[in-house]
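Okay, so here's the structure we're looking at.
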Protein chains: 2
Amino acid sequence: MNIKEELVSEIASIVGEDNCSTRIADLYTYGFDSSIHHHDPDVVVRPRSTSEVAQLVSLAAREGIPVVPRGGGTGLCGAAVPIHGGMVMDLTRMDVIKEVRVNDLYCVVQAGVVYDRLNEALAPYRFFFPPTPGSGEACTIGGMVATNASGMRAVKYGATRDYVLGLEVVLADGSIIHVGTNTIKNSSGYQLERLFVGSEGTLGVITEVTLKVAPRPKSSAMVLAAFDRLEDAGACVSNLISVPLIPSATELMDDICIRAVNKAVRAGLPDVQAICMIEVDGEPDIVSKELRTVEEVARRSGASTVQVSEDAKQMARWTSARKSVMSALSRLGDDLVSVSLADDMAVPISRIPEAVVAFHRIAEENHVIVGTYGHAADGNLHTKMLLDPCSEEAWRRGERAVGQIFDTVISLGGTVTGEHGVGMSKAPYMMRERPDAWGTMMKLKKALDPQNIMNPGKLMQWEGGIICHLRYPCPDLSSSR
Amino acid sequence: MNIKEELVSEIASIVGEDNCSTRIADLYTYGFDSSIHHHDPDVVVRPRSTSEVAQLVSLAAREGIPVVPRGGGTGLCGAAVPIHGGMVMDLTRMDVIKEVRVNDLYCVVQAGVVYDRLNEALAPYRFFFPPTPGSGEACTIGGMVATNASGMRAVKYGATRDYVLGLEVVLADGSIIHVGTNTIKNSSGYQLERLFVGSEGTLGVITEVTLKVAPRPKSSAMVLAAFDRLEDAGACVSNLISVPLIPSATELMDDICIRAVNKAVRAGLPDVQAICMIEVDGEPDIVSKELRTVEEVARRSGASTVQVSEDAKQMARWTSARKSVMSALSRLGDDLVSVSLADDMAVPISRIPEAVVAFHRIAEENHVIVGTYGHAADGNLHTKMLLDPCSEEAWRRGERAVGQIFDTVISLGGTVTGEHGVGMSKAPYMMRERPDAWGTMMKLKKALDPQNIMNPGKLMQWEGGIICHLRYPCPDLSSSR
């Protein structure tokens, strides 16, 4: 253990014995998020109030100990992995919904409130917080702000950044600041509340969030369009937008993902090259009208079959099939594990077909299996790589493919992360994507955290290279597409 | 002149003789924006490219000369007034719409593109950039980003900040950076593009903007509801939102504003205590349905008369009456001038009635005339103070009223500026509103502009006090309500 016992006692005196741990099992567990990375912290704390967070950060600043804020631990890039050890700060006990003021179009929540729980609280008022991340059952609002998380509904409703009106933040010196306002409009200086969006704990600990809320749509319906050519599925999305028709969701799945969910959860999806699940929502009359337009555009774009549903159960089955992609991929091949390597790119919407075709070519060239899916109408694609984690050579081929995928994304005018964040996985590629913006970010980081104690080593290439708990020397991987 | 002749020659060699001026008339003219403030610059430059801007800022950095970026000059708070002299940089020659990619839901424009011109370019594609500022005919996109401008349609469509996907910025050292992306989603680090929103030229010169665009609604309709009690008009707005129904615009006018437009432009509005003009937009079927809901809610909220229109000409007449408030107020009393003093507040929506009633009380107590209007459904209120500008005592009473108005706004959980910015007018009050956020802003300012050459003296109380060109010692003001 790298932390002195007196310090642990001091920490325990702030949060209580039960909420401070240096037990090996706890350190090991809190060394993970949902990425491939791992590193033990020195101590785990679970504060219950902003005041406790401020005391903990003050202590960390005094002692020069890293502070790594953590929400639901659902992040896929290692943003919550304490790469330099120190204090992991689990914020899930700060889970109070402090205000629901739908008449003022906002709510105030502590950082540890879980996404789905907030929407349950907003439902009786017929309002919601729309981003709909895949991990909504477990991810926290603080984590969503820290990564600018979004999900299926961003093309119509925007990402988390578009809903953040105000924040309470504990800065690196332990001071508590309030940025933004409780008003829908605010022109009073730099939009600091949005600077902290995507900051992944590197500028301070987000303790409280004021979020704009939106009226919940009255109804929704879905089209499931099957395509024999991947490019046609991409073109379908562009054709919809130029109607213009902005769907509430457009979920794309390639043949690998379709095969995986058909095998793992018997989803019964058409055995084609690509599927688009297109959701429209709003007033019932409009939904019916838009549904017809979507159907017509899908056919015109070359869909081989088009199924339409306004039935809640059928739509839930389709959504559930889509949601199972990530876990289903791990069950496609016997010795293969689905690994978040490239993971989460965004390109201009019209470049989706080119991107997906390139990913398939890169997979073939490197003899790896890549499943591609995503939120096509906002240009956000996910890829999962299927690897035998015991094969060093498979990892090498996988990493080469990742580099080529990201190069493609950057050359198409895209970004290496649309909704998951940078963390450790994307850091080297993000610097490649836009070195000048990164330089400015580091100036701001230095201004707000001169000691570099707030989640150090994130958003930047870690000199130790990628630390991956899955990676150990093992047999060769022979499967390929 | 405080600037050396060699420097002027060097500046002229960058932008050309015709685009560099030290003529007294030019310096005087460029010493104004649309606020009450004035200060001559030392030189006026009109660059045509980012490269020219970068060369000018490098020169300014070398010489320690203030740089004050300027768009359409429509700002109401003095953000573009060169309070410390130096170089006013008129960006209106940088007016190229570089890309319109509606299939990708974005466009790229130079900072000097005028709002209405951009929307003309987007119209053939049936898309638009929605914020709708009152000065849309003249204000520039760069200026809108620099102040987080918005307008009538923010409650439904958001403010400028919600549309900024990427920026090109010339930093204080003359370097050119690109922040943000050309994608709808982006989780790659701090949302710098949104930090620069509202920065009023104090962090760098915004030279290019990537904006999200939205499908233009197919139809719209309006309700004009007249109320005998101001509170009822405010309650009507809250009642609409809790339906939930989000109107595309909700323009409130109090009795002073109604009287002013009826006198100045013979608008023929009902002679009541308050009017709400409520616009709904979208698909024709929905517009008709929402129109009926608005009518019903207005009556239930106590409206004495309710007029409904789907006729474009009638709606244009109403909108025009509303838009004439600012100029009409100056013609209400013979010796009175409408002055942007308190000007632009935002409160949580449900506090609108309290705020407006308090403004009336404050006006009465201080024997000043205050006209209140605004975008009620997003909580944004404007007040104009009618003063005899020759009366020192009237100014004193006016300023006392301003202080009380802002104290009220802050106590209601609001902000001293919803859409106009801080500039000089709001600086002292903004520091009162949220001193901790201001402290953080200043840390970031120092990190990006250590020499303090980028629009110095803005967003902060200027030690010289408020400089107002309208203010000179003159007779007493006796008119009051």
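Chain naming here is simple, since letters A, B, ... match the order of the sequence lines and numbering starts at 1 in each.
The candidate from B:Glu200, B:Lys443, B:Lys458 with the greatest count of non-hydrogen atom pairs under 4.5 Å with chain A is B:Lys443. Chain B forms the most heavy-atom pairs under 4.5 Å with one residue out of A:Ala214, A:Ala159, A:Gly180, A:Ser238, and that residue is A:Gly180. Between chain A and the options B:Gly421, B:Ala146, B:Gly423, heavy-atom pairs under 4.5 Å are most frequent for B:Gly421. Note on A:Val179, A:Leu192, A:Asn239, A:Thr160: by heavy-atom pairs under 4.5 Å with chain B, the leading option is A:Leu192. Counting heavy-atom pairs under 4.5 Å between each of B:Ala154, B:Ala149, B:Ser242 and chain A puts B:Ser242 at the top. For the set A:Asp285, A:Leu171, A:Leu105, A:Thr147, the entry with the most heavy-atom pairs within less than 4.5 Å of chain B is A:Leu105. Chain B forms more heavy-atom pairs under 4.5 Å with one residue of A:Ser350, A:Gly379, A:Ala377 than with any other, namely A:Ser350. Heavy-atom pairs under 4.5 Å with chain A peak, among B:Ile246, B:Val416, B:Leu240, B:Leu245, at B:Ile246. Between chain B and the residues A:Val237, A:Val155, A:Ile241, A:Val422, the largest count of heavy-atom pairs under 4.5 Å involves A:Ile241. Comparing A:Cys77, A:Pro215, A:Gly439, A:Ser175 by how many heavy-atom pairs each has under 4.5 Å with chain B, the most go to A:Pro215.
Taking all atoms of both residues into account, the shortest heavy-atom contact from B:Pro244 to A:Arg126 is CG-O, 3.9 Å. The nearest pair of heavy atoms linking A:Pro348 to B:Asn182 is CG-O, 3.9 Å.
The part of A:Ile176 that comes within reach of chain B is its backbone (N, CA, C, O), which places non-hydrogen atoms under 4.5 angstrom from that chain. Within the 4.5 angstrom heavy-atom criterion, only backbone atoms of A:Val347 (N, CA, C, O) approach chain B. For A:Asp162, the parts sitting under 4.5 Å from any heavy atom of chain B are the backbone and the side chain alike. Heavy atoms of B:Val197 lying under 4.5 Å from chain A belong to its backbone as well as its side chain. Heavy-atom distances place both the backbone and the side chain of A:Ile177 under 4.5 Å from chain B. Of the atoms belonging to A:Ile352, not a single heavy atom falls under 4.5 Å from chain B. Only the side chain of B:Phe127 comes within contact range of chain A, with heavy atoms under 4.5 Å apart. Residue contact with chain A, scored on non-hydrogen atoms closer than 4.5 Å, involves the backbone and the side chain of B:Glu419 alike. Contact annotation for A:Arg216: neither backbone nor side-chain heavy atoms come within less than 4.5 Å of a heavy atom of chain B. In this structure, no portion of B:Val169 lies under 4.5 Å from any heavy atom of chain A. With a 4.5 angstrom heavy-atom cutoff, A:Lys445 touches chain B via backbone and side-chain atoms both. For a residue to count as touching a neighbouring chain, one of its non-hydrogen atoms must lie under 4.5 Å from one of that chain's; by this rule B:Met430 touches chain A with the side chain only. Interface remark: A:Arg434 contributes side-chain atoms only to the contact with chain B (heavy atom separation under 4.5 Å). For B:Asn103, the parts lying under 4.5 angstrom from a heavy atom of chain A are both the backbone and the side chain. Contact annotation for A:Tyr106: only side-chain heavy atoms (C-beta onward) come within less than 4.5 Å of a heavy atom of chain B.
Residue B:Ser188 holds its OG atom at 13.5 Å from NE2 of A:His420, rounded to the nearest 0.5 Å. Residue A:Thr415 holds its OG1 atom at 12.0 Å from CG of B:Leu165, rounded to the nearest 0.5 Å. Remark: A:Met441 CE to B:Leu195 CG distance equals 10.5 Å, nearest 0.5 Å.
Residues B:Arg161 and A:Asn186 form a side-chain contact, since some pair of their non-hydrogen atoms from C-beta on lies under 4.5 Å apart. Annotation: side chain of A:Tyr190 is in contact with side chain of B:Thr202 (closest heavy-atom distance under 4.5 Å). Between A:Thr183 and B:Asp378 the shortest side-chain heavy-atom distance does not fall below 4.5 Å. Two residues are said to be in side-chain contact when any heavy atoms from C-beta on lie closer than 4.5 Å; A:Glu433 and B:Thr181 meet this criterion.
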Would you check, one step at a time, whether the test side chain to side chain contact (heavy atoms under 4.5 Å, CB included) holds for A:Leu448 with B:Leu444? CA-CA 8 Å; A:Leu448 295 190; B:Leu444 302 180; 3.8 Å; yes

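Remark: side-chain polar atoms of A:Lys185 are paired, donor with acceptor, to backbone N or O of B:Gly151 under 3.5 angstrom. B:Ser187 places a side-chain N or O within 3.5 Å of a backbone atom of A:Asn148 that can act as its donor or acceptor partner.
With respect to A:Asp104 and B:Arg351, no salt bridge is recorded, no charged nitrogen being found less than 4.0 Å from a carboxylate O.
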